[in-house]
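To start, the structure itself, in structure tokens.
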Amino acid sequence: MTATNLSFKNKLVDHLTKNWKAYVFYLVVLFSTVLFIYALGFSTAWARTEVLGKTYKETQPIFDLTKQINDAIASLAAIGLISAVLNIMVGTHSRKKYFWTNYVLLGILIVSTLATGIYIFVGSEILKSEFTNSFDVFESRWAYLIQLSFQGRDIRPGIIESLSNSLPYMLVGLIASGLSVWLLIDERLKRPMHLAREAEVQSILEKVEKGEIKVSEKVMNQVPSVDDEIIDFTEKEVLEYETLEFGVFHKKHQTSIMIAHVWAVIVTSLIFISFIGSIVIDFLNRYQIIDFNTESIVSLHPSLISFLSILLLLAGFFNLSAIKAIEKIKTDSIPRNTLLGYAIYLIPTTLISGILLLPVALKLPRSKVELAKMRYQNNQFGFTMTFGSMLFFIWSLFTSINYSLFTGLAEEVRVKPDHNIALDITISIVLILVMFLSAEKVKAYSKQWSYGLFVISVVNLLRLFYVPLISLNTNQIPMDIFIQIAICHIISAALTTIAGIVSLKKATKIQQALKQGGK
């Protein structure tokens with residue numbers, strides 16, 4: 001049979017037909033990001049202007065109204081962006097059959113993007129009218145405040161101009177909401193077909209578990225491969241262990257496993273206790289019950305404390321997952337690679353548990369159907385690590401370009417927009433989109449994109465020596481904030497490097513297996 005060479009046009013059409021949902025959702029994410037960036041700029045500008053309003057009692061109402069609208073826009077935009085990110089984590093952009101989490105998060109995204117777009121336009125029109133009126137009524141007040149805080153630079157034309165340019169952002173919100181609705185309608189129309197397909201594949205997997213189908217002979221051809229249609233529901237672990245005596249492996253390594261488990265529980269408990277304790281201390285300090293807070297105890301910048309607290313909380317939740325993995329050793333239901341990954345992770349977070357668990361994981365028998373399972377299971381590890389890397393990169397990006405003390409004064413310490421910031425944002429947006437694409441590609445065992453993750457890691461680290469270092473050297477950000485940004489970049493680069501190593505290893509294995517099998 002002669003292979004047919006498809007033209008570039010046919011290949012493009014075929015690719016878009018199979019992946020249109022992902023590209024549509026990437027547009028939604030892009031629009032949500034645009035709305036969020038606009039909300040940050042909008043809110044930051046008015047936060048500085050709010051200082052002017054507090055100078056005179058009679059002008060306070062307009063600035064109270066401004067703050068109310070700003071807070072609403074910023075909150076709605078943040079909810080939209082967060083829900084878009086969470087939708088990707090639960091696979092809304094690629095999953096054929098939605099679960100309740102997909103419906104809830106997609107519903108939040110639809111409502112938030114729609115509300116953000118409408119409120120930006122309506123709120124801007126309201127503020128435009130109020131500010132125009134205040135310029136006439138309090139003309140002398142404005143002139144004095146402009147001279148005092150802005151060294152004579154008249155900011156009033158800029159205020160009106162920014163409020164007059166809100167229509168495009170309303171359209172961005174409406175389009176993002178409309179595209180999300182499109183995804184929802186498409187899933188509901190095709191749901192019966194996907195449920196039928198799921199039942200068929202589940203039936204095949206049940207036959208595999210019962211021994212009615214030999215994995216090496218039949219399932220390779222019956223279960224869709226990653227190059228065809230990937231099964232997009234949670235698959236069961238199939239024949240992970242060959243032994244028929246459950247618990248033998250656990251009994252042999254019981255002492256190491258028990259100590260690793262107990263120590264992980266202790267360290268995780270301390271993590272959550274320290275996090276809750278920090279919140280309680282700051283709460284008591286705010287209401288003057290005590291005269292010290294977390295910042296005074298550790299002598300760190302509040303922003304850095306908040307960032308480290310989030311890292312601590314994430315470590316605690318990941319530790320809980322690791323503890324569950326250790327418990328699964330008792331029933332021989334934890335895959336070797338999964339346990340090995342948790343053991344390596346526990347070394348920096350608990351030390352003792354990781355060191356004890358690593359040799360145990362290395363002795364765990366390999367699954368004889370590992371390659372067969374890769375034919376119908378995604379490279380979820382590579383996808384998750386790449387996606388996590390992107391979140392840390394975004395955190396560092398917003399921290400480095402939006403840092404400000406919000407004093408409203410001429411000598412205010414903040415990152416000032418210039419051509420370096422503009423170029424940095426452009427490069428970062430491109431990198432974020434590439435990371436989105438690479439996460440999807442390594443999910444399907446792409447060897448080329450596994451190498452691409454190493455390039456992303458290098459670019460990620462190089463950015464640290466561009467805008468963040470320039471801002472530090474010009475006293476636009478303090479050392480504590482630079483440390484926070486550096487930690488984000490290091491973690492981000494480490495995650496993409498780990499994802500690249502693991503994904504490359506998996507991609508090489510499956511490609512070699514396909515060549516040997518004549519596929």
Side-chain angles (χ1 to χ4, degrees), residues 15 19 22 26 29 85 88-89 93-94 226-227 230 311 314 318 336-338 340-349 354 358 361 370-371 374 377-400 423-469 482-515:
H15 177 77
N19 302 283
Y26 292 156
V29 174
V85 172
I88 292 181
M89 294 180 65
H93 65 301
S94 59
V226 296
D227 293 321
I230 302 174
L311 289 184
L314 287 174
F318 280 120
R336 180 181 185 274
N337 289 337
T338 302
L340 186 61
Y342 277 119
I344 295 173
Y345 160 76
L346 287 174
I347 290 177
T349 57
L358 185 58
E370 181 180 354
L371 288 174
M374 288 170 64
Q377 289 182 334
N378 295 326
N379 177 18
Q380 197 63 43
F381 179 85
F383 174 83
T384 304
M385 291 295 102
T386 305
F387 197 83
S389 172
M390 183 180 61
L391 294 182
F392 278 103
F393 178 80
I394 292 174
W395 184 294
S396 68
L397 173 64
F398 282 120
T399 302
S400 61
L423 180 59
D424 183 47
I425 292 175
T426 302
I427 295 173
S428 298
I429 290 175
V430 173
L431 184 62
I432 291 171
L433 293 176
V434 171
M435 292 176 77
F436 267 121
L437 182 59
S438 61
E440 284 298 315
K441 291 297 182 180
V442 298
K443 188 177 180 181
Y445 303 100
S446 170
K447 195 171 183 178
Q448 292 77 9
W449 282 93
S450 297
Y451 285 115
L453 290 177
F454 299 132
V455 178
I456 290 174
S457 298
V458 173
V459 175
N460 202 332
L461 288 176
L462 288 177
R463 181 189 175 271
L464 180 61
F465 299 96
Y466 185 35
V467 166
L469 188 59
F482 181 78
I483 292 174
Q484 176 181 329
I485 297 168
I487 291 174
C488 283
H489 278 290
I490 293 171
I491 293 176
S492 182
L495 291 177
T496 46
T497 301
I498 294 171
I501 294 172
V502 175
S503 299
L504 182 60
K505 184 178 179 181
K506 289 185 176 182
T508 302
K509 279 186 178 180
I510 196 170
Q511 287 182 14
Q512 290 176 348
L514 291 175
K515 288 179 180 179

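Numbering of residues begins at 1 and proceeds along the displayed sequence. Just so it is clear, the model here is predicted, and its values are computed rather than measured.
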Query raised in the report: Do the rings of Y345 and Y342 sit parallel, tilted or perpendicular, given the 30° and 60° boundaries?
Result: perpendicular
**Report entry** Audit row: L495, F387, side chain to side chain contact (heavy atoms under 4.5 Å, CB included) steps and yes/no
**Finding:** CA-CA 9 Å; L495 291 177; F387 197 83; over 6 Å; no
Report task. Report the residue from L431, T497, T386 that forms a side-chain contact (heavy atoms from CB on, under 4.5 Å) with I456. Result -> L431
Any donor and acceptor pair, going by atom type alone, linking the side chain of [X] with main-chain N or O of [Y] inside 3.5 Å?
X    : Y    : result
S503 : G500 : no
T508 : L504 : yes
S446 : V442 : no

From [atom1] ([X]) to [atom2] ([Y]), nearest 0.5 Å:
X    : Y    : atom1 : atom2 : value
M385 : N379 : CE    : CG    : 10.5 Å
I394 : I429 : CD1   : CD1   : 10.5 Å
L437 : N19  : CG    : CG    : 9.5 Å
S438 : Q448 : OG    : CD    : 13.5 Å
F392 : I491 : CZ    : CD1   : 4.5 Å
S389 : M435 : OG    : CE    : 3.5 Å

Requested in this report: Output, in order, the C-alpha distance, side-chain angles, deciding distance and verdict of side chain to side chain contact (heavy atoms under 4.5 Å, CB included) for L397 and I432.
Outcome: CA-CA 10 Å; L397 173 64; I432 291 171; 4.3 Å; yes
Query raised in the report: Should we count CZ of F454 as having more than 12 external heavy atoms under 6.0 Å?
Result: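 Correct, the count exceeds 12.
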Query - Y466 atom OH, neighbour heavy-atom count above 12 within 6.0 Å - result: yes
Requested in this report: Heavy atoms only: give me the nearest A493-S457 pair and the separation to one decimal.
Outcome: O-OG, 3.2 Å
Report task. Taking all heavy atoms of L340 and all of L358, pick out the closest pair and write down the distance. Result ->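 Result for this residue pair: CD1-CD1, 3.5 Å.
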Report task. Taking side chain to side chain contact (heavy atoms under 4.5 Å, CB included) as the test, write out the residues that go with S396, two or more places apart. Result ->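 For S396 the side chain to side chain contact (heavy atoms under 4.5 Å, CB included) partners, ignoring immediate neighbours, are F393, R463, I485, C488, H489.
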Query raised in the report: Can you list the residues that meet the side chain to side chain contact (heavy atoms under 4.5 Å, CB included) rule with L462, with sequence neighbours excluded?
Result: V458
Query raised in the report: Between E440 and Y26, does a side chain to side chain contact (heavy atoms under 4.5 Å, CB included) hold up when you go through it step by step?
Result: CA-CA 11 Å; E440 284 298 315; Y26 292 156; 2.6 Å; yes
**Report entry** Heavy-atom side-chain contact between K506 and V502 under 4.5 Å
**Finding:**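 K506 vs V502: side chains touch.
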Query raised in the report: Given the rule in the side chain to side chain contact (heavy atoms under 4.5 Å, CB included) test, do Q484 and W395 qualify, once you have shown the distances and angles that lead to the verdict?
Result: CA-CA 10 Å; Q484 176 181 329; W395 184 294; 2.8 Å; yes
